[in-house]
Amino acid sequence: MASFPTALQGARILIVEDDSILAMNMEDQLKSGGCNVIGRVSRQAKAFEVLEKATPDAVVLDLNLHGELATDLAETLAARRIPFVVVTGYGNRHFDVAALQEAPRLHKPVDMRELVRELSGVIRPAG
Amino acid sequence: MAGSQTADGGTPASPPPICAIGASAGGVRALQDFFSKIDDDLGLTYVVVVHLSPEHPSQLASIIGGRTRMPVEQVGDAPPQSLRPNCVYVIAPDRELVVASEKLVSRPITEQRGKRSPIDTFFRSVAAARGDGLAVVLSGAGSDGALGVPAMKEAGSVILVQDPEEAEYAAMPRNAIATGLVDFVAPIPVLVRRIAEVVRTKKALRRLNEEDAEQGLPQILRLLHTRTGHDFSHYKRSTVMRRVARRMQVTRHDSIGSYAEFLREKPQESQELLADLLISVTRFFRNHSSFETVAKDAIRSIFEKAEETGGIRVWVVGCATGEEAYSMAILMLEEAARSNVQVPVQIFASDLDEKALKTAREGRYPQAIAADVSEERLRRFFVREDEHYRIRKEVRELIVFAKHDALKDPPFLRNDLITCRNLLIYLDREMQRQLCSVLHYALRPDGYLFLGPAEDAESMPELFRLIDRDAQLYAAKRTGEHAVPVLPQFAPEHNRARSTHGRIPERIDSAATVAGIHLSALERQSPPSMLVDADYRLRHLSPNAGRFVRPPGGTITDEVCQLVRPELRLDLKLALQRAFEQKQSTLTLPILMENEAGERRRVLVYVALTDAGEDAPPYALVLFLDAGAPSLEDAGGVDADEKRRLLHELAMAQERLNASQTQHEQAVQELRGSNQELQSINEEYRSTSEELETSKEELQSVNEELKTVNAELKSELDKVSAAHSDLRNLVAETEIGTLFLDQQLRIKLFTPPIAEYFSITQADLDRAITDFTHRLIYEGIGIDAKRVLESLVPIRAELKTRDGRWLMMRMRPYRTVENVINGVVVTFTDVTELKRVEESLRNSENRLRQVLETETVGMLFFADDGTLIDANKAFLHMTGYSRAQIDARELTWRQMTPPEWIAVSEEQFAKMETSGHLGPYEKEYFRSDGSRGWMHFVGRRLDDGTIAEYCIDISDRKRAERERELLARELSHRVKNTLAVVEALAQQSTGESVEEFREKFGGRLRALSQAHASLLDSDWRSIDLNQLLEEALSAYRANDPRRVEIDGAPISMTPKQALSLRLIVHELATNAVKYGALSRVGGTVRLSWQIEQIGDRQLRVRLHWEERGGPKVKAPERTGFGARLIKTVCEHDLEGEARLDYTPEGLICEIALPTA
């Protein structure tokens, strides 16, 4: 795989995904592209723990975490102006949460190139 | 009242004339109109009398005050006050007004409420106190005023009445008009103008010159005499003048002369004036106490003697409108009842006024007479007719009403009682005396005369004896000679003769002149003489005529033929006859006469008619000439005896002649008397005939009426017989058995079907129904019929006949047209067929109902406007609505439809308009608790416009559909997830060769798919750890299960855990086969687990993988994918821990994971 755009080089990324294999694979790929994956969590609670200590440059967010919708997390992220890209296995379901509506959305299985493009889009230029 | 005298000319200080106004219902508007139009300076005093409720204060004075500038005053408790001109006085509630001694007096009403007639009371008091004035009758119900109007009129007032067409209530005006005495009938604006004119004339009349009247009045009376035949010259001048003045006001003439001219030109006016002059007012039992005296002192004794005389005759002179005659008749009937004497009573009631007689004959009087007649008499002698009382027939039949002039026509004779009230007062004194003597003549000896309170007969003490002064009741004295009285109109010649008679001596006595001396000398020297009138009455005697006169014994008489000596009588009489009849003088032959001295003398009688002038009545002068002693020639030259014989015979003949002469005279006298009587009787007959004529006319009209009634009855009869035949046909043809029973339950009528149920035939009519056998299974007909008769409540019952038919029996009271219960009507209707149909209907309905009441299908009925009018139980059950809500029409489909579905329903209903069918369609609806459910509807419009809908609750199906949808989505998610995992696995699986990659990747995919398969078997719910691990490791244990040992307590894993563990075990097992214990014969794996309790509900599973007997193990230099996968999955997915321990004996893997 070609190397990531510069905007993602060293970008601190938090992966929120309940399937370990997917998370692991995503982590591997982002790392290999130059990203700094600062966490890989499967539950909102864990994500909040991470966010207490660090502020990622972007978050990859699976909406369905062990059967629960990660709407709280999405709102928190929006409030803290942490950009995120939504990844979901469901169709274009409508969500009432404004934060979710505005975020870019990718469908599983995720094309890594699309993920990279969206992440580059949401991450503000460093500085 | 006629007795009161009023000054005709008036005086400067005379009180203002009274305008008495009576009104009642509808009167307020009329009064407003009246006072808004009338001038306020006419100089009249207005007194308004209306009927007011005694309980409420009256606003009338202020209402009138708003319409006129004159002061208006309600006369309440104030003391009597003088009447001022241009003022309006209004009656107060519960008071009545009268005028007494020039003052207006308000006093409490005494009569009870129904009998009050304040208008009559006031009118009468004005008539009595004031005479002329004006009476105005306006709108009102009833007849108040109808009795007051004649009184006012008689007193000289002008009567004005509101046009009944205009009046809101016409009865009072009409009743006033019915008196026939009203001068003006007009709408109010015209009345007001007339009043002004009358007032103007009235003022002019007050200035009338006395001489004018003196001259004009006789002229008027002469005209009246010529035109009407009635002579009023002997009536009192004041009375006549008052009436004439009244006519002058009405005709607007302010001088006698102009009125006389008017009278001459207008013949009709003489009738009007006559009518006015004849007006007399009377009441029932007028001067009540006098009537009591008459009843007590006269009538009682008349009845005592009545049986001798064979009947009672009463003459009511001047009866006017008959009240007095009826009062008398009532007294007679009361006395007859009291004394129990049955004698015929005949009352003659006479008057000049035909109009009044007409009223009298009718015997119908206004209600207000209740004030004069006691309630008992009203009840006994009157019949109530609307607003009037009519005299009962028994009273009416006693009286003959006749037109008769007591001053002119022969009287009714042999009366026991004569009432002549308020007639004498109109006459001058001479006429009064004459009338009294006529009345005396008409009475039986000791008969009674009843006069008015202001009259008396005391100037004739020789004829009447006073019995009671207050009542003016007299008895006729018996006079020796019952001489026929002479009335002026009887024999005018007599009258005139009599009046001239007194003057002769006057003329002679005054003779002191030469002519007188001559006359007296002549008299002395002339032969004795006498003056005789045409009736042969001795009028005058010369001084020396005495010897020729010899009055006979007995009553003194002036008949000359009686007075002279008998020898002279015959010759004198013949001579007088010649003189008066042939106007020839006579000298008789010598008559032998013996003088006082016994000397025989020869006397010649000379009779000559005197010539006293054109107008003077004729007199005869009788001279007696003495011819000396009888000569021999007289004695006769013949034989003296013969002569004596002849003389004797002559004397005898003369005597006979004299005797017959006397008889003749008496006969003539008697005949005259008889003639007089016959004339009276004739008069009676004439009156009776007149009555009969009237009766005949009445009978004819009654006959006419009867004919009409008869015709009506005939047509009624036709109708009845038509109805009868209708009824017969109905009875014959009707299939409804009908039975009419009377009150004793006897059969009156029945229709043919009844014979099917009861064993009766037409011959059994009038027999009791209970006596008959019948074919009904019912024994209660008698009891039930009696119950219906008693309670009047109809009975309905269904009965069975013995042959199994069903009858509907109805039993109801028989009401006649007059609503009298006269029995029972029983009807039997065969309802067998009805019953059958009813039953099959009921069955069919039951079936339908059962269909409707199926558990799951709701049935709804909507009215055209969408209101739910009926629904089955299933619907109520589905939705929770109640029957009561439906019955109250509270529910509509719109109410039960959620807003977003309204449009859908409307579209369906719109489609139904064309297709007639509704749906099928599905929608949500509201249950009664507000929750929603799904319904499937299908329906149609029914013939009666209602909409019927079936509905089925499809909420469950809808829920299942939704779940299925969710599941599909979940599946898709899972597939996508799985594909993502597969992709990730593919990316992670590395190998040196394609074969190696295929093996690694393929192994992992198989593990995944095996786990999926197991989970699918368990419906993706849970799976036991034991089972999971056995399946995962089965390939390695196939030959020798001991190579891979599995040991642990059962515990269930979630699908997610199962999947993860499956992957972990797969990695461990492939690693063991490739590098570890399973790569060599003899190597074993032991997989065991323990379950620990952590926290309240949390368990932890500790898995222990331990390999033995494999090649020597050393830790790899870098972490391989397998190890990483184990750790990552364990931590990430299972939220547990994994530890790999590469001991030389073999790999040990510890995994701890929380589980529920």
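Chain naming here is simple, since letters A, B, ... match the order of the sequence lines and numbering starts at 1 in each.
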Participant: Please classify the contact of B/E1135 with chain A as side chain, backbone, both or neither, using a heavy-atom distance under 4.5 Å.
Facilitator: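 For B/E1135, the contact with chain A is made by the side chain alone.
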
Participant: Does any non-hydrogen side-chain atom of B/R1124 lie less than 4.5 Å from one of A/D28?
Facilitator: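 Heavy-atom side-chain distance check passes, below 4.5 Å.
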
Participant: Can you say whether B/L1134 sits under 4.5 Å from chain A via the side chain, the backbone, both, or neither, judging by heavy atoms?
Facilitator: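 Neither part.
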
Participant: Taking the side chain as everything from C-beta on, heavy atoms only, tell me whether B/E983 gets closer than 4.5 Å to A/V110.
Facilitator: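 Not touching, per the 4.5 Å side-chain cut-off.
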
Participant: Looking at A/I21 and B/A984, what are the two nearest heavy atoms and their distance?
Facilitator: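 The answer is CG2-CB, 3.5 Å.
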
Participant: What is the distance from atom CG of A/D18 to atom CG of B/D1133, rounded to the nearest 0.5 Å?
Facilitator: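 It is 7.5 Å, given to the nearest 0.5 Å.
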
Participant: Given heavy-atom pairs under 4.5 angstrom as the criterion, report whether the side chain, backbone, both or neither of A/R43 touches chain B.
Facilitator: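 Only the side chain of A/R43 comes within 4.5 Å of chain B.
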
Participant: Taking B/H1132 for the side chain and A/E17 for the main chain, is one N or O donor matched with an acceptor at less than 3.5 Å?
Facilitator: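 The answer is yes, because a donor-acceptor pair under 3.5 Å joins these two groups.
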
Participant: Once rounded to the nearest 0.5 Å, what's the spacing between atom CZ of A/R40 and atom OG1 of B/T1128?
Facilitator: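 The distance works out to 5.0 Å.
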
Participant: From the options B/V981, B/T978, B/V1129, B/L1059, select the one residue that forms a side-chain contact (heavy atoms from CB on, under 4.5 Å) with A/D19.
Facilitator: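 In the set B/V981, B/T978, B/V1129, B/L1059, the residue that makes a side-chain contact (heavy atoms from CB on, under 4.5 Å) with A/D19 is B/V981.
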
Participant: Does OH belonging to B/Y1075 count more than 12 external heavy atoms closer than 6.0 Å?
Facilitator: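 Result for OH/B/Y1075: open.
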
Participant: Distance from A/S20 atom OG to B/K1127 atom NZ, nearest 0.5 Å?
Facilitator: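 Between A/S20 OG and B/K1127 NZ, I get 14.5 Å after rounding to 0.5 Å.
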
Participant: Could you grab the distance from atom CD of A/Q29 to atom CD of B/Q987, nearest 0.5 Å is fine?
Facilitator: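 CD of B/Q987 is found 4.0 Å from CD of A/Q29.
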
Participant: Within the supplied structure, the quantity of interest is the number of heavy atoms (other residues, nucleotides, ligands) at a distance under 6.0 Å from B/E1092 CD; does it exceed 12?
Facilitator: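 Check passes, neighbour count above 12.
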
